[in-house]
Each structure stands twice: as C-alpha cells, then as structure tokens.
*Asks:* 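Starting off with a structure, shown below.
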Amino acid sequence: LFSIGCQAQQNSIVVKSPNGKIQTILSLDNGDVLKYSVLIESDTLISFSEMGITVDKVNIGEGVEFVERIDSVINETIPSLWNKSEITNNCNYSKIKFLNKSNQLNFWVEIKNYDNGIAFRYVVPGEKERTIEGEKTEFKIAGENQFYYASGPFQYGWNQEFQERSGNSIKGELLAPPVTIERANNKGYIAVSESALTKYHGMVLTGSSSNTIQTSFVSNEGHLKSGK
C-alpha cells in the first residue's frame, strides 16, 4: 500500500488515478524483469523498482512475459470505523496477467490507483499447495528524503519513539510499517504500509541502499519463544 516526471517506457502498462494525476507504470526491464514506477503528474515518486515474490523457490518477477490486462472502475460507498460513518472508494483498477517462463506459472498483479495513493498485490493461482518463501518488492524513493519509522528488535507491539534518518543512511535498517517519508523541497510526504493481509507474512521493510527499502520475510521465532 502506497500513499501519497518522466515518460513511461516503451511497451509499458500505465494505470492512472481517476483525476489522471497519479500514474503507476509497469515495465519489463531487459525484456523480462518486472518493475514498476509511480509518478504524480511529471514528478517521479518511486523510480523503477523490482517486483516479485518467491513461489516454490522461483522469483516470479524474473523471466516474465505479459499475457493480458483487464480494467475497470470502482466507485462505491463503504462503512468506516473512523472519523466518518462511510467513505467513498473510488479508483481505477487493473488486473494484469503475466507468465513466469521458468515454471510456466500464470500470476496476476492487481493495481488500484486512487487520487491520493496506490495499492497493489500479487495473486497466485491455488490449484495446488504452494510455498511463498519471500518477497522481492522494493521501493526506490526518488530524490533525497527523510525517513521516519519504528525499528527492531521484534516485539509484540511497536510502541516506541520513531527514528528519523536521512535516506542516505537507512541501509541495513529494519523499518516497520507504516514508514513515513518526508520529501525534499517541501514536496509533501509518502507513507508505505501493508493492508488486508490474509494468511500471509506481515510486511517487514529493510533498507537495501540509499533511499531504497525492500520487503522482506523476517523470522520472529526467538521472540515468540521468549515472549520478549
């Protein structure tokens, strides 16, 4: 879940928000490596970043070819538990089907583009038992930024003072969602988090390089045993 200039690459897939300002762009780098980028008008928020999860020891984001795309519009009113009794759920929705050529697995990337953010997820068919060993999704935040986040060690709650670091010093850090990112030059804020997880590993983000965070699977075994 991602809240909030350049041109889309050739042969890319573009999903726009209802007001047309936010674009999510999917592209196959080097012909078969799945990547995405997010723009607001001509301003790049996320530079092209890798996508994928590891299914039965295969990163399905590599060795990929496009199959088909289905688009629709969602515009509905749903109940809310927060400040309002109901909210409007209005977004452009795309379901994009890919084939991983190494294991002949068809999978989908579902994208919802709103006027103030985007959400995406991977959908893998369940004809048989499958094992998800990891996730390769990364977020290359464009520009020089300031990151605010809770960090490890793992506990049962994240009741601690948030850390503040520049994007150039987050490598090797564990960042618990939601991660808040203050953009340079008063361009606003970005939040990266998880949503609607069902029978799936909770999101853990690690700093992989300057201004870049990657989704990871981290074991909580020791803390579950000790209760600390």
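Source: prediction; values computed, not measured.
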*Asks:* Considering non-hydrogen atoms only, spot the tightest contact between Glu65 and Leu28 and give its length.
*Replies:* CA-CD1, 4.2 Å

*Asks:* Taking C-beta and beyond as the side chain, do Ile118 and Cys91 meet within less than 4.5 Å on heavy atoms?
*Replies:*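 Not touching, per the 4.5 Å side-chain cut-off.
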
*Asks:* Verify the neighbour count for atom NZ of Lys95: are there more than 12 heavy atoms of other residues, nucleotides or ligands below 6.0 Å?
*Replies:* yes

*Asks:* As a quick check of understanding, evaluate side chain to side chain contact (heavy atoms under 4.5 Å, CB included) for Val38 and Ile22, giving each step before the final call.
*Replies:* CA-CA 7 Å; Val38 180; Ile22 295 182; 4.3 Å; yes

*Asks:* Carefully, step by step, assess Arg69 and Ser94 under the rule side chain to side chain contact (heavy atoms under 4.5 Å, CB included).
*Replies:* CA-CA 7 Å; Arg69 170 180 178 173; Ser94 289; 3.5 Å; yes

*Asks:* Might you point out which heavy atoms bring Arg130 and Val124 nearest each other, and give the distance in Å?
*Replies:*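 Heavy-atom minimum between the residues: CD-CG1, 3.6 Å.
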
*Asks:* Evaluate side chain to side chain contact (heavy atoms under 4.5 Å, CB included) for Ile141 paired with Thr212, printing each intermediate quantity in order.
*Replies:* CA-CA 6 Å; Ile141 311 299; Thr212 301; over 6 Å; no

*Asks:* Taking atom types as modelled, find out whether Thr137 and Tyr36 have a side-chain donor-acceptor pair closer than 3.5 angstrom.
*Replies:*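 No, Tyr36 and Thr137 have no side-chain donor paired with an acceptor closer than 3.5 Å.
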
*Asks:* Show your reasoning for whether side-chain hydrogen bond (donor to acceptor under 3.5 Å, both in side chains) applies to Asn92 and Asn113.
*Replies:* CA-CA 5 Å; Asn92 288 332; Asn113 256 44; over 6 Å; no

*Asks:* Would you compute the distance between atom NZ of Lys16 and atom CG of Asp71 and round it to the nearest 0.5 angstrom?
*Replies:*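 That separation rounds to 12.5 Å.
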
*Asks:* Roughly how far, to the nearest 0.5 Å, is OG of Ser151 from CD of Gln163?
*Replies:* 5.0 Å

*Asks:* Around Lys101, counting heavy atoms of other residues, nucleotides and ligands shown, do more than 12 lie under 6.0 Å from its NZ?
*Replies:*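 More than 12 heavy atoms, drawn from other residues, nucleotides or ligands, come within 6.0 Å of this atom.
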
*Asks:* So which heavy atom on Thr44 is nearest to which on Ala142, and how close?
*Replies:*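 Nearest heavy atoms, Thr44 then Ala142: O-CB, 3.3 Å.
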
*Asks:* Show me the side-chain donor-acceptor pairs of residues 172-182 shorter than 3.5 Å, one per line, residues at least two apart or across chains.
*Replies:*
{"from": "Glu173", "atom 1": "OE1", "to": "Tyr149", "atom 2": "OH", "distance (Å)": "2.7"}
{"from": "Glu173", "atom 1": "OE2", "to": "Arg165", "atom 2": "NH2", "distance (Å)": "3.4"}
{"from": "Glu182", "atom 1": "OE1", "to": "Tyr148", "atom 2": "OH", "distance (Å)": "2.7"}

*Asks:* Is there side-chain contact between Val192 and Leu205, with heavy atoms separated by less than 4.5 Å?
*Replies:*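 When only atoms from C-beta onward are counted, Leu205 and Val192 do touch, with a gap below 4.5 Å.
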
*Asks:* What closest approach, in Å, do Asn145 and Ala184 show between heavy atoms, and which atom pair accounts for it?
*Replies:*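 Nearest heavy atoms, Asn145 then Ala184: OD1-N, 4.1 Å.
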
*Asks:* Nearest 0.5 Å, what's the CD1-CD distance between Ile78 and Glu86?
*Replies:* 10.0 Å

*Asks:* A side-chain contact here means heavy atoms from C-beta on lying under 4.5 Å apart; do Asn106 and Lys97 qualify?
*Replies:*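 Yes, side chains in contact.
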
*Asks:* Quick one: OG on Ser169 to CG on Asn211, what's the gap to the nearest 0.5 Å?
*Replies:* 9.0 Å

*Asks:* Give the cluster check for Tyr114 versus Ile190: same hydrophobic cluster or not, with ILVMFWY residues linked at side-chain heavy-atom distances below 4.5 Å.
*Replies:* no

*Asks:* How long is the gap from CD1 on Ile13 to CD1 on Ile111, to the nearest 0.5 Å?
*Replies:* 7.5 Å

*Asks:* Do Tyr122 and Val109 have side chains that approach each other closer than 4.5 Å (heavy atoms only, starting at C-beta)?
*Replies:* yes

*Asks:* Would Phe66 end up clustered with Val64 when hydrophobic side chains under 4.5 Å apart are linked, directly or stepwise?
*Replies:*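 Yes, it is one cluster - the side chains of Phe66 and Val64 are joined through contacts under 4.5 Å.
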
*Asks:* Would you mind reporting whether Leu39 and Thr24 have side-chain heavy atoms less than 4.5 Å apart?
*Replies:* no

*Asks:* Say whether Ile96 and Leu99 are linked into one hydrophobic cluster, either directly or through other cluster members, by side-chain heavy-atom distances under 4.5 angstrom.
*Replies:*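 Per the 4.5 Å side-chain linkage, Ile96 and Leu99 are not co-clustered.
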
*Asks:* Quick one: are Ile25 and Phe48 in side-chain contact, heavy atoms under 4.5 Å?
*Replies:* yes

*Asks:* Can you hop from Leu34 to Val58 via hydrophobic side chains spaced under 4.5 Å?
*Replies:* no

*Asks:* Between Asp115 (side chain only) and Asn19 (backbone N and O only), is there a donor and an acceptor less than 3.5 Å apart?
*Replies:* yes

*Asks:* Over all heavy atoms of both residues, which pair between Asn100 and Ser102 is shortest? Give the atoms and the distance, please.
*Replies:*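 Closest approach of Asn100 to Ser102, heavy atoms only: OD1-OG, 2.6 Å.
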
*Asks:* Which distance, rounded to the nearest 0.5 Å, do you find between the OG of Ser209 and the CG of Asn168?
*Replies:*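 That separation rounds to 10.0 Å.
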
*Asks:* Are any non-hydrogen side-chain atoms of Glu194 and Val204 less than 4.5 angstrom apart?
*Replies:*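 The answer is no; the side chains never approach within 4.5 Å.
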
*Asks:* In chain order, what residues pass the side-chain contact (heavy atoms from CB on, under 4.5 Å) check against Asn75, with sequence neighbours excluded?
*Replies:* Thr88, Asn90

*Asks:* So Asp43 and Lys187, do their side chains get closer than 4.5 Å, heavy atoms only?
*Replies:*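 They are in side-chain contact.
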
*Asks:* Please tabulate, one pair per line, all N/O donor-acceptor pairs under 3.5 Å involving side-chain atoms of residues 49-57, not counting sequence neighbours.
*Replies:*
{"from": "Ser49", "atom 1": "OG", "to": "Ser47", "atom 2": "O", "distance (Å)": "2.7"}
{"from": "Ser49", "atom 1": "OG", "to": "Lys140", "atom 2": "N", "distance (Å)": "3.0"}
{"from": "Asp56", "atom 1": "OD1", "to": "Thr131", "atom 2": "N", "distance (Å)": "2.9"}

*Asks:* Is it possible for you to say whether Val33 and Trp108 belong to one hydrophobic cluster, with membership spreading through side-chain heavy-atom contacts below 4.5 Å?
*Replies:*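 Each belongs to a different hydrophobic cluster.
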
*Asks:* Applying side chain to side chain contact (heavy atoms under 4.5 Å, CB included) to Ile60 and Leu105, what does each step give before you reach the verdict?
*Replies:* CA-CA 8 Å; Ile60 62 172; Leu105 175 67; 3.8 Å; yes

